[in-house]
Every structure is written in structure tokens, then in C-alpha cells.
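Reviewing the structure listed below.
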Amino acid sequence: MTLALFSNNPLCAIMCGQTESGQYTTGSALDILRIARDAIHKGWRLLNHPLYGNYRPYQQPFRTLLLEAPFSFSQSSSASVPAQIDVDSLQFIEEALLIFTQTRCIHPEDAPKKLYEDCAEIDFALIRHTLENAGIEIVRGELPFHQHFSTQ
Amino acid sequence: MNLELHKITVQKITFGSATQIDNGTLVVNKDELEALLLEDTRLEAVNFEIALPGEKTRIMPVKDAIEPRCKIEGEGEVFPGFIGPVETVGCGKTLVLEGMSVLTTGRLVAPQEGIVDMSGPGADYTPFSQTCNLVAVLTPKADIKLHEQEATCRIAGLKTANYLASKCKESKADKVETYAYPTFTEIAQAHPGLPKVAYIYMLQSQGLLHDTYVYGIDAKKILPTLISPTEVMDGAIVSGNCVSACDKNNTYVHQNNPIIKTLYDRHGKDLNFVGVVITNENVTLADKQRSSSYAVKLAKMIGAEAAVISEEGFGNPDADLVLNCVKAEKLGIKTVLVTDEFAGADGASQSLADSCQEGTAVVTAGNANMTIILPPMDKVIGDDADADVIAGGFFGSKRPDGSLEVELQAILGATNELGFNKIGAYTI
């Protein structure tokens, strides 16, 4: 199984690098949804639901998505091989994008320190079961102590 | 399986020297109870407060609500896997202190929610403004991991509820309710001509602060299974769900599941209540497919011709609700879905994250995005610091006059998806 872990949660950063096509960004949750959407358009398949967690976009700044490569994917192949789009993945990501684009979102940079830390922890906990099922070794990243948090 | 609920009505709570029920007043030995809870060395501090209907009191953030119960006769003890051993419950006699709730509070994480106002406009939206509440303000030790802090608070609430009921075991009940759940052979042959209706009971199971436990097992790890409704009444299902106050199923709500109650009320009259299938709402998509297929298969196996399906939560669980609906309808099981909505402040946005053509019979518990102004209260139990970071808004906000502008999402039980709430619906 070729995997990609996309996340803006620093606690997941190391694991992003350990998947074949993963990406860690310091951007927003919406950025992660868009990165995943682009991969889905190329045939990648979601392994976790993008709307996990019962916090709204203005409460939870982090989003972590695990995707599986299309069967035709090959790192060493220079030719692009068309892949079937997974319709379920497409539907889930588009539904998530609809909610995130219509709702106020909190960027990690705007989160007060306690909120930042707690939300990172919760996000890390909620993705864990999916990662373990996919055989990913759970490795915890570090919170960025140099982050300039909101003074609230 | 036959269960009698021996219900004692609590009309007031006071603190006193010995825990007992006295003519409708529950007297609580606060020191004894606090000492019991502090046997758990993971707790730094605990304090108890009382909040009665009509008082100008706000309780926040509420983690769980639990109705005091204990076994009088029968195997095991309530809350099996936590208080009781893992023996099967749901038979015999169970004492219930009705009219009251244990509420646990204490801030574990910044975005943690759950408001109960005992009076004012907010009281109209939570059922717990009508119960006499014994509030446990809990402070777990700071140096233990977050999941341990949550477990500590969860178990403290269950211990409190069981302690209170146990101290009243010798008291006479005000009323006794009897519930029977016969064998499948008897169920299949009973009430010919009446539609066979099952209940597919979705349990929150996404992870930390979003969990439910069945006989002490994390629901994330189970395959869907059958459970007797009487086991549910004996606390076989316990909440570890601390987020989205409006639609989380507190332990109290599981104990008093109104869908189960209503199916029992109508059993033998216009339907044949054939059974309960519990299922989960995992984050992993393969789990969703497995659980929805399995749950629907079980409903079919017990002969269901129709099923009531209740969701817990929103967003990700909407996908489970849709999968359960589509797969049930495909097997010829007519469905009624019970859910709430996140339709925006004006109610104009799509209510659910997912949908299906088969979902033609849906009962709504209300729109969680509706906003409300909560006036200042004379007393706050718990922690109202940083109202902005409590979910619902980041909460909405604290206004200069001290009032809170919040979404219904922040009010405990406001849009509960078992119908244990005060918002009704009608078809227009």
C-alpha cells in the first residue's frame, strides 16, 4: 500500500515524511483539504473521513488526511498513467470543502497557545486509529515552541 | 431478560451527615463522597456543588451527565466494565434516583463545551435545567496524559452516581417499571400483523473525547452487535464523548434512551419492537463500510422490516448515517433517521454533510447553529474562563454586560439526536 499523509498538525509532521508521498504544511486545514482534493483528482483514495472530530472549522485549526495511491501509481514511472477517480473520496472531500469554505476557519497562527496545543493533541489522537490500521508507525512530532501565538 | 426499574423521585438535594433519601430529598455526605473519589490518585481535587431548577446558576463545561442507579437484584452491577464487573446486566431489579443527575465538570482542554443554565432562556434548551443536579467539579492531576484525565473524570462520575443510588438501596420506590426482552423465537412469533421494527443505535467512536464504551470496551473496536434494551438501562453503554454538547449522548441519555422507551410504549400496539443493534462511527472509511454492512445485516437477521436509526454527532457520522440508511433500504428495511442539523445561523445551508435519496423519512432534533443570548448568572459552577474558546463559537463571545452569545451547539442536549431534548419538529 502506497500512502500519503497530509497534515498541518506539527505532531503528525514526522509521520507525513515517513509516507511515500506525504506532505506537512504550516498552512490551514482548508489547505490540507485542497491538497487532498488534488490528489483525489489523480486517483488517490481517502482512508479517513475528512470531517472527523466534532469541532467546527472555527474551533479546530488542524486537519490530517491519509490517502492511498491508485493502483497505477508508480514512483519510478515517468509516464503519467490515468487512474480511476474514487467517487466516494471525491464526494467526501467536496462535502468537506463546501463546509470549510462556507464557515469561518481558524488558522493555526491565530490560535491561542492552549487551544493550539490541545487541538493538536486531539487531532493526533483522532487520526491514530486510522494510521495504526494502515500500518504506519506512530511517531509524535514536536510542537513549534518558536510559534508566535495570539496573545489572547 | 426481564428488568424492573425501581424509581425513587428526587425533588431536592442537600448536604448532610449521612447519604440517604429522606422524603424526596437526597441528603449527601459530601466529605464521604469526596474521599471515595480521591481514592483515585489521578485526581488532584474534587468538590461538589448543588444546582436546582430555577436557580440563577450556570454549569460549564459539562463533561457527562449520569443518572444514579444500582442493582438491587440480578447479576452484576450497573456500568459493567467500570463500576460493575463485566457480567451481563439487564435482568433483575435496578434502583433509580429519578429527577436528578450527576454532572461532571472541569476543563480538560481549551475547546471544551457544555453549558447548563438552570434558569433563563438557556434553560429552555437543556433537559438538565429540570433535574436536581449534583455537580462534581473535577481536577485531574496535570502530569497525567489527556486520555487518562478523561478516563479519571468519566469514572468519577460513574462512581458518584452508583454511590448515591447504593446508599438508597433500602428505600421504597415511588414507582416500578417493568421491561421484558424475550428470546428471538418469541419475538418472531409475537404480534402477527404488526410491522417488525428494529433500532439501529449509532455510537460516537472517533477517538479521544469522542468515545463511547460498551461493557467497558471502546466502541471503536467492536463490530456492530445486538444488545438487549434492558442492558442499556443498566448502563452497559457509557459515554466518553465530551464534545459537541448539543448532540452528544451523555450516559444519562443512554440510560434513559427515549427511542427505546417509545418503541417499548408502542410495542404490541402498532409495532413489534424486535431489537437493538449498536454500531459505531469510526473515522476510518473501511470501518464505516464494514460496520454499516454488518449492522444492517444484523437488523435483517432479526427480522426487521423497518428500522429507526439514530446518529450521534455531525460531519463524519453523517456518512455512517447515510451508509446505514442506503444499505438498510437496499435490503428492504424501511428507515426513519433521527439527526440534528448544522444548517447555518439562518437555517439555509445544507443540514448534513452527506445525504442520500433513500433518506425520505428524517426527524430533526433542531438546528445547532441557531444562536441565543444567555444572560449573566449569579453563580457559575465549573470554569467559565475564556468563553471564546469553548465550542460553539470559538464560541460566540462574552459580551460587555457579561452575557454570552452562543450557538445552540454549546448547550448540553439542545439538539440531542435520540430526541432527549426540548425541541420538537412537525412536517409543513
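Hydrogens, waters and symmetry mates are skipped; everything else that's a heavy atom, side chains included, is used. Chain letters run A, B, ... following the sequence lines, proteins first, then strands; residues in each count from 1.
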Report task. Please look at B/Glu281 and chain A and tell me whether the side chain, the backbone, both or neither of the residue comes under 4.5 angstrom of a heavy atom of that chain. Result -> neither
Query - Residue part contacting chain A, namely of B/Asn369, when any heavy atom lies under 4.5 Å - result: side chain
**Report entry** Atom NZ of B/Lys141 with >12 non-hydrogen neighbours under 6.0 angstrom
**Finding:** yes
Query - Interface moiety of A/Gln60 toward chain B, non-hydrogen atoms closer than 4.5 Å - result: neither
**Report entry** Sorted by number, residues from residues 90-101 of chain A in contact with chain B (heavy atoms, under 4.5 Å)
**Finding:** A/Gln91, A/Phe92, A/Glu95, A/Leu98, A/Ile99
Query raised in the report: Which value, rounded to the nearest 0.5 Å, describes the distance between B/Thr152 atom OG1 and B/Glu150 atom CD?
Result: 8.5 Å
Query raised in the report: What is the distance from atom OG of A/Ser7 to atom CZ of A/Phe124, rounded to the nearest 0.5 Å?
Result: 10.0 Å
Query raised in the report: Can you name the residues that form a salt bridge (Lys or Arg N to Asp or Glu O under 4.0 Å) with B/Asp211, not counting sequence neighbours?
Result: B/Lys220
Query raised in the report: B/His254 vs B/Tyr201 aromatic rings, parallel, tilted or perpendicular, using cut-offs 30° and 60°?
Result: tilted
Query - Leading residue by heavy atom contact count with chain A [cutoff under 4.5 Å; candidates B/Asp247, B/Val283, B/Leu208] - result: B/Val283
Query - Heavy-atom pairs under 4.5 Å with chain B, option from A/Cys119, A/Ser89, A/Gly53 with the top count - result: A/Gly53
Report summary line: Scored by heavy-atom pairs under 4.5 Å with chain B, the best of A/Asn133, A/Leu126, A/Thr130 is A/Leu126
Considering only distance and modelled atom types, tabulate donor-acceptor pairs under 3.5 Å from the side chains of residues 8-18 of chain A, sequence neighbours left out.
unit_1: A/Asn8; atom_1: OD1; unit_2: A/Arg63; atom_2: N; d: 2.8
unit_1: A/Asn8; atom_1: ND2; unit_2: A/Gly27; atom_2: O; d: 3.1
unit_1: A/Asn8; atom_1: ND2; unit_2: A/Pro61; atom_2: O; d: 2.9
unit_1: A/Asn9; atom_1: OD1; unit_2: A/Leu11; atom_2: N; d: 3.0
unit_1: A/Asn9; atom_1: ND2; unit_2: A/Ala120; atom_2: O; d: 3.0
unit_1: A/Asn9; atom_1: ND2; unit_2: A/Asp123; atom_2: OD2; d: 2.9

Query raised in the report: Only one of A/Leu47, A/Leu46, A/Leu51 forms a side-chain contact (heavy atoms from CB on, under 4.5 Å) with A/His49, so which one is it?
Result: A/Leu51
Report task. Under the side-chain contact (heavy atoms from CB on, under 4.5 Å) rule, what do B/Tyr213 and B/Ile237 come out as? Steps first, then yes or no, please. Result -> CA-CA 6 Å; B/Tyr213 298 87; B/Ile237 299 176; over 6 Å; no
Query raised in the report: Which pairs pass salt bridge (charged side-chain N to carboxylate O under 4.0 Å, His left out) with one or both residues in residues 314-330 of chain B, sequence neighbours excluded?
Result: B/Lys288-B/Asp320
